[in-house]
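Here is the structure we will look at.
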There are 2 protein chains.
Amino acid sequence: MTQNPPKFRREPAKQRKEALVLATLSLIAEQGVRGATVREIAKRANVTQGLIRYHFSSKEELISAAYSHHMSSMTDLTTAPSAKDNASAKSRLAIFVASGLKPPVCDPNSVSLWASFLNKVREDPQMQQIHKQTYFDFRDRLEALISEALIEAGVVVSPQQLRHYAIACNATIDGLWMEGGALPEAFEPGELPEIGLRSVGAIIGLDLHEAGEQP
Amino acid sequence: MTQNPPKFRREPAKQRKEALVLATLSLIAEQGVRGATVREIAKRANVTQGLIRYHFSSKEELISAAYSHHMSSMTDLTTAPSAKDNASAKSRLAIFVASGLKPPVCDPNSVSLWASFLNKVREDPQMQQIHKQTYFDFRDRLEALISEALIEAGVVVSPQQLRHYAIACNATIDGLWMEGGALPEAFEPGELPEIGLRSVGAIIGLDLHEAGEQP
DNA sequence: TCAGTAATTATTCAAGTGTATAGTTAGAAA
DNA sequence: TTTCTAACTATACACTTGAATAATTACTGA
């Protein structure tokens, strides 16, 4: 008696959901939101279309999950390299800034993904929530690094001032990141991290340029 | 013999095209790209759907025209207030920066419109062309103002340095603009122009703060 | 080994989309 | 007035989309 091979494989919900999220992300990155249809996502995940509705109550929910995943991943990729405890605060800040302005964080695919999602933020409250949360999460980490670097340098600033620094530096990084991703050929390699270090340094009054050139 | 009233009015192509573009923009601003269907646009412009295809060879072409219109409009709104010839270069730069960071330029609708379009930039070469053109147009104007302000202050910088300044200041303005539009409740009124002036000033080494408080 | 159930497939539906095309009409020109 | 054409309407087509539903199947655990 030959038992015919299984027609599909059952996966735990958590794993399958993540697989679907990853398929969604790669699809959006390649073809934009427009290309990320339920059918196409299912095909890429080697699954039939009905399964998506089984795991996510609607397509919007899947998109939200993908958005959340992508933003966390970018924040992590920017934060991780600066988490070496032995380095000075200034050097950690410099690494943070530079990491956000070179691949894989600063990259056409990433920016394109982000732009695709930004669209839906206005329509969908859940997306708005994720947007707000990831924005403040990123900015708070940056503010903490700035604060440590200033203390280390013996500079005293008011909380208000610190907040303004964080907003400004965040904007500068975001702006450079976005432009680097949306118009890659307009900048030479290494140019954006360099500009980022100089600008953030100028804004908060510290020279980050020396500290930022890490392998 | 009563002659029944005309069923529609003929407009010159140019006017009708602009009306369609404006209908498209208001629709996208309200409901996002997804809501801007051919039928809905036609309805808003008090026209039947077929007319769109008559004036624009495809929907994409209409979208491109709307994108171009919106970006030019934003650049103009940022540039115009700084064009008073009698003011000093520094003051004109300050006004430029501040104008871009308050309404109507810095505004949820504007940002949302921009984000909607950014999506299509990657897919459509024509959109990419418009993106590139409007980006450089804005940045070049900013670079010119920076250059004049530095010369006025007796500061000499290399072309390379000037280019870096323009990229950095542009990124800072864009970043603040975007965040102010995407998360309006996160900033107090007047906070963004103030942060913008301080940051741009810090980056290029001039004190713009004094010069930027215009009515 | 044999339910039981959660994961998965298979199929259908109703609504909406951009596009095409043929016919109609306003309004200038002769 | 009549003619002519660019602007406009009306209608239908071909296709895609997200969602719903019912039927199957892989795996767990008793």
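Numbers restart at 1 for each chain; the letters A, B, ... are given by sequence-line order, proteins then strands.
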Point to revise | B/R141 vs B/T75, side chain to side chain donor-acceptor pair (under 3.5 Å): CA-CA, chis, key distance, verdict | key: CA-CA 9 Å; B/R141 294 188 199 213; B/T75 298; 6.0 Å; no

Any idea which of [options] is nearest the [X] side chain?
| X | options | answer |
| --- | --- | --- |
| B/R10 | C/dT17, D/dA7, C/dT8 | D/dA7 |
| A/R39 | D/dT17, D/dT25, D/dC8 | D/dT17 |
| B/R9 | D/dG18, C/dG27, C/dA7 | C/dG27 |

Atom-pair distance ([atom1] on [X]; [atom2] on [N]), nearest Å:
| X | N | atom1 | atom2 | answer |
| --- | --- | --- | --- | --- |
| A/K17 | C/dT8 | NZ | P | 12 Å |
| B/Y54 | D/dT11 | OH | C1' | 19 Å |
| B/Q49 | D/dA12 | CD | P | 13 Å |
| A/K59 | D/dA19 | NZ | C1' | 12 Å |
| A/L62 | D/dA19 | CG | C1' | 14 Å |
| B/K43 | D/dT9 | NZ | C1' | 16 Å |
| B/I63 | C/dT17 | CD1 | C1' | 13 Å |
| B/L51 | C/dT21 | CG | C1' | 15 Å |

Check your understanding: Just to confirm, is there a sub-4.0 Å distance from OP1 or OP2 of C/dT8 to any side-chain nitrogen or oxygen of A/H55?
Key ->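 It does, given that an N or O in the side chain of A/H55 lies less than 4.0 Å from OP1 or OP2 of C/dT8.
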
Practice item. Taking A/S73 for its side chain and A/H69 for its backbone only, find out whether a donor-acceptor pair lies under 3.5 Å. Key: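 No, the answer is negative, given that no donor and acceptor are paired below the 3.5 Å cut-off.
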
Review point. Is a side-chain donor or acceptor of A/S110 paired with a backbone partner of A/D107 at a separation under 3.5 angstrom?
Key: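 Side chain of A/S110 to backbone of A/D107: no pair is present.
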
Review point. Would you say the side chain of A/E11 and the base of C/dA7 hold a donor-acceptor pair, judged only by whether the two atoms sit under 3.5 Å apart?
Key: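 Between C/dA7 and A/E11, which were checked side chain against base, a qualifying N/O pair under 3.5 Å is absent.
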
**Study point:** Side-chain donor/acceptor of A/R16 to base of C/dA7, under 3.5 Å
**Key:**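 In this structure, the two groups form no donor-acceptor pair.
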
Practice item. Using the six-membered ring wherever Trp is involved, compare the ring planes of A/Y67 and A/F117 and label them parallel, tilted or perpendicular (cut-offs 30° and 60°). Key: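 Because their plane-to-plane angle lies in the 30° to 60° range, the rings of A/Y67 and A/F117 count as tilted.
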
**Study point:** Neighbour count >12 (heavy atoms, 6.0 Å) for atom NZ, B/K59
**Key:**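 For B/K59, atom NZ is crowded (more than 12 foreign heavy atoms under 6.0 Å).
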
Check your understanding: Heavy atoms under 4.0 Å, any strand shown: does B/T48 hit a base, just sugar-phosphate, or nothing?
Key ->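 Counting heavy atoms under 4.0 Å across all strands, the contact made by B/T48 includes a base.
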
**Study point:** Residue whose closest nucleotide on DNA chain C lies nearer the 5' end, B/R34 versus A/I52
**Key:**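 It is A/I52 whose nearest nucleotide is closer to the 5' end.
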
